[in-house]
Colleague: 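Sending over a structure as structure tokens; questions will come in a sec.
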Amino acid sequence: MSDFLYSDIKYLKGVGEARANTLSKEIGVANFRDLLYYFPYRHDDRSRFYRIEEIHGEEFPAIQIKGKFLRFTIEGEGVRKRLVGIFTDGRKFIETVWFSQIKYFSGLYKPGEEYVIFGKPALYRNVYSIAHPEVEKFNPEKPPTGFRGVYSLPDTLRKKGFSVITLRKYIEEVVNKAGFNNISETLPEELIQYYHLMPLKEALLNMHFPESPDKLRRAIERFKFEELYYIELNILRFSMERGGRIQGYAFPIIGNTFNGFYSNGMPFSLTGAQKRVLREIRRDMKDGRQMNRLLQGDVGSGKTMVAFLTALMAIDNGFQAAIMAPTEILAQQHFETINEWALKAGVKVALLTGSTRQSVRRVLHEELQSGVIDILIGTHALLEDEVKFKRLGVVIIDEQHRFGVAQRARMWKKSEIAPHVLVMTATPIPRTLAMTVYGDLDVSVIDELPPGRTPVNTRVAYDNSRFEVDNLIFSQLRQGRQVYIVYPLIQENEKLELKSLEEGYQRACDTFVGFKVCYVHGKMKPEEKEYQMNLFVSGEAQILVATTVIEVGVNVPNATLMVIENAERFGLSQLHQLRGRVGRGAERSYCVLMGKQTSGADTKKRLAIMAETTDGFLISEADMKMRGPGDMEGTLQSGMPFSLRVANLAKDGQILSVAREAALRALAGTKALLSPLASVSPNTKIENPITLTDSEIKMTGLELSLRFAKTIDWSLIS
Ligand code: ADP
Ligand code: MG
């Protein structure tokens, strides 16, 4: 470790105590190393000056122009107030606009002097303008050239007088110091040679001041590789450790309960995918290692039956099963479905939710402890301390992202050794993500729908076809069907959200006279929500106006139409989940995505994808590519276990595979001398054995990787 890198940033020329405090507080830059790893989020082409007349079309990249400001004027009132500067390159004019800090900018640049402005021209009312351009005095001795990094700066930093230019200057200071030449490599030399990676020093330089586009690419690749390599190394190392140690119950028998139901009680025959998944589950549970499996299956793919058959395997071996759902309605629905099957299988099922009466509870607790109850279905209520099983063998969690890590961990206390865990989700997790995030969780996929489903007929509509949409709603209602009307959750503005929902409710009441309308939203009291939901589930109400609270799992087969308002505000995966609420019965179903005529091309493309396909995996891949993994709802709302600084899981699948392979080899090298890279001896902590605490041993793979990956930090490796 070099002291140089850890020198306090305050010693850098031009920084000092006060600015150092600001840097550390606002962007976490406390020393030279932090600064060097504060990578640009973009690199701009400063290889030449553009002429204003060269700008054309609606989309033009960021460019630099040399010229003079003619004058500045303040235009507009209130929130529309802005500072407009007219800039000329001597032949044509372009507007520069500032929407904030107007006072600050209005005196900053002197008309008549030569400047270089840089930014992305946008066409507004037939005039090109650049909003908040980067502005520098033109210096003929040192004209801006080549590629340069652009850094994200929070407003708080800008207000204190920092700019991208200041930051760039600081970084220049650091790399020009003698100490920079002596910083040591953070990847094993063997890896650098084997994979032809750019060495650290060169890569750092090129991240900030690229010598060529090609070198920049290689620098970025190196850091992506490094980031993914260490993440994989840690996850894999952890799962190896865990795999060898976590003991589970052995369920060697497939017995009479399972077989009897399978041959005589099943209302349908399993799809090939359901069978395959069950074989995987069976293999996991039979030999005394704890199962930790994630089951992905699109909405309607038949996960409930898989859950039930899994429970039967436990029961045949003398154990009980727990099935947890995120809401009361879902738990209730699961109970009704499963109870019907259970009667045929001759096993006893019970339901426990927050609203289960005390008198019922008392009996239930007893029957659970004496082993009379075979399967307990419920909500969070299952986690309460007084809920004690006789022998809990498997926990099945439906729709995992609604359960927090801490809540899942509480299930462990209910069993002597960790029960098997099956987590079921309808959120399709792209493979690159599953591989990394759930590095040590086994993944099963139901990639086949039961036969005879007709895909939901989906189309995009705009406000000008409101009349047709209303007519479609009417026609469904008249046929005795039910309809969902969904509004987006506008997080920044709860009041607005409720307002649009209330207006929508009012409008539905006024328009669809003679039909009953109910409504739910996230801010309702649970009892009120249950009441309104039940109006719809029971068929008493024909229209449900709702926010996304209905997203997960509700089953009303008679609902055949879903209208999604402001569809552009939803992520694709979320739209897919919502759409899964219809098309659950025999009738033809419809989904209408209400878009904005004025939306950009990207948004229209996203909505078009929804209309084109009903394949959840395709949709989620597309979503991830367009929005980036950090933005994905559902899957990751519960949090990516680590944040990636350079790598992007949506785009860097290939680098990830290589990094994973390298990590596997390195690990093999530490265990047995197997691979060509067996001699790798990274001067890191890799070879330290990990010891798991008792509580860690009882955590799921997911939780383990969460906990472990969180500790990954660049500081681990230097
Ligand atoms: P999800 O995976 O979304 O939880 P469900 O388990 O609710 O899906 O199943 C959706 C519907 O499909 C249910 O009505 C269920 O009974 C039915 N189903 C499940 N598996 C099959 C199958 N193999 N053949 C026919 N219908 C099936
Ligand atoms: Mg389900």
Side-chain angles (χ1 to χ4, degrees), residues 261-263 265-281 293-312 321-345 349 351 375 377-379 395-403 422-429 443-456 533 537 549-560 562 573-587 589 614-617 619-620 634:
F261 178 75
Y262 196 86
S263 17
M266 293 261 297
F268 42 71
S269 45
L270 295 180
T271 62
Q274 283 170 317
K275 284 185 192 158
R276 190 189 62 236
V277 165
L278 276 162
R279 273 198 299 273
E280 288 165 351
I281 291 170
R293 190 166 280 278
L294 179 73
L295 171 58
Q296 298 176 41
D298 217 342
V299 280
S301 63
K303 294 186 293 294
T304 319
M305 182 54 88
V306 172
F308 180 66
L309 292 173
T310 302
L312 291 188
I323 301 178
M324 293 211 288
T327 66
E328 290 220 357
I329 290 171
L330 281 178
Q332 177 75 40
Q333 286 194 343
H334 273 325
F335 175 71
E336 280 160 21
T337 312
I338 288 175
N339 199 34
E340 228 170 89
W341 298 336
L343 288 173
K344 292 185 184 146
V349 186
L351 175 70
I375 303 175
I377 298 176
T379 53
V395 178
I396 299 163
I397 301 172
D398 198 10
E399 303 299 349
Q400 113 277 5
H401 59 269
R402 301 286 158 120
F403 279 105
L422 182 67
V423 175
M424 306 197 294
T425 176
T427 310
I429 298 159
V443 180
S444 286
V445 183
I446 306 184
D447 49 6
E448 181 187 352
L449 291 182
R453 297 279 168 84
T454 37
V456 177
M533 273 312 289
V537 174
V549 290
I550 58 156
E551 188 186 328
V552 174
V554 183
N555 188 25
V556 181
N558 190 44
T560 51
M562 171 168 289
S573 299
Q574 206 179 5
L575 287 174
H576 180 67
Q577 297 283 303
L578 283 168
R579 181 169 61 182
R581 299 306 110 220
V582 294
R584 302 176 80 82
E587 305 301 327
S589 291
T614 51
D615 181 329
F617 279 89
I619 288 169
S620 116

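In listed order, ligands and their atoms are each counted from 1.
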Colleague: Heavy-atom contacts with ligand 1 below 4.0 Å: which residues, ordered by chain and residue number?
Modeller: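 Within the 4.0 Å shell of ligand 1, which is judged on heavy atoms, sit Phe268, Ser269, Leu270, Thr271, Gln274, Asp298, Val299, Gly300, Ser301, Gly302, Lys303, Thr304, Pro450, Arg453, Arg584.
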Colleague: For Thr614, check side-chain contact (heavy atoms from CB on, under 4.5 Å) against everything at least two apart and list the hits.
Modeller: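 Counting only residues at least two positions away or on another chain, Thr614 forms a side-chain contact (heavy atoms from CB on, under 4.5 Å) with Pro455, Arg579.
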Colleague: Has Glu336 got more than 12 heavy atoms of other residues, nucleotides or ligands less than 6.0 Å from its CD?
Modeller: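 Above 12, so yes.
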Colleague: Side chains of residues 301-308: which donor-acceptor partners sit under 3.5 Å, not counting sequence neighbours?
Modeller:
residue, atom, partner, partner atom, Å
Ser301, OG, Asp298, N, 3.4
Ser301, OG, Asp298, O, 2.7
Lys303, NZ, Gly297, O, 2.8

Colleague: Can you name the ring pair (Phe, Tyr, Trp, His ring centres under 6.0 Å) partners of Phe268, sequence neighbours left out?
Modeller: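 Listed in chain order: nothing, the list is empty.
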Colleague: Under 3.5 Å, is there a donor-acceptor pair between the Ser444 and Glu280 side chains?
Modeller: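 Indeed, the side chains of Ser444 and Glu280 share at least one donor-acceptor pair under 3.5 Å.
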Colleague: Considering only heavy atoms from C-beta outward, does the side chain of Trp341 approach that of Val349 to under 4.5 Å?
Modeller: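 Heavy-atom side-chain distance check fails, nothing below 4.5 Å.
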